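This report concerns only the one structure given below.
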Amino acid sequence: MQAAPVRATAIPSLTTALRAVESLLMSGGQRTARRNAWTSVLEDRRRAKDRVEAQRVLDQNLVARP
């Protein structure tokens, strides 16, 4: 019995497939704007998470002091 042949090309990831569809549907400027907006959303989420962590540390230190 022979082994199945190995594929020479990789199957594209979901992200790659979505970007391909995006490039067909949108002009370059819209695509750049959408990516910049998403990057901003992710950065805002990161900053919010950092603020919550900093507040937690401050609250713990204030409670620990007599």
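Model, not experiment: these values are computed from the prediction.
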Point-to-point distance, once rounded to the nearest 0.5 Å, from [atom1] of [X] to [atom2] of [Y]:
{"X": "Leu62", "Y": "Gln55", "atom1": "CG", "atom2": "CD", "answer": "8.5 Å"}
{"X": "Thr39", "Y": "Arg34", "atom1": "OG1", "atom2": "CZ", "answer": "12.5 Å"}
{"X": "Arg56", "Y": "Asn61", "atom1": "CZ", "atom2": "CG", "answer": "9.5 Å"}

side-chain hydrogen bond (donor to acceptor under 3.5 Å, both in side chains) involving Ser40 - partner list, sequence neighbours excluded: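 side-chain hydrogen bond (donor to acceptor under 3.5 Å, both in side chains) check on Ser40 returns nothing, list empty.
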
side-chain hydrogen bond (donor to acceptor under 3.5 Å, both in side chains) partners of Ser13, counting only residues at least two apart: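 For Ser13 the side-chain hydrogen bond (donor to acceptor under 3.5 Å, both in side chains) partners, ignoring immediate neighbours, are Thr16.
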
Check Arg47 with Glu43, please: is the shortest side-chain N to carboxylate O separation under 4.0 Å?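 Yes, this pair counts.
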
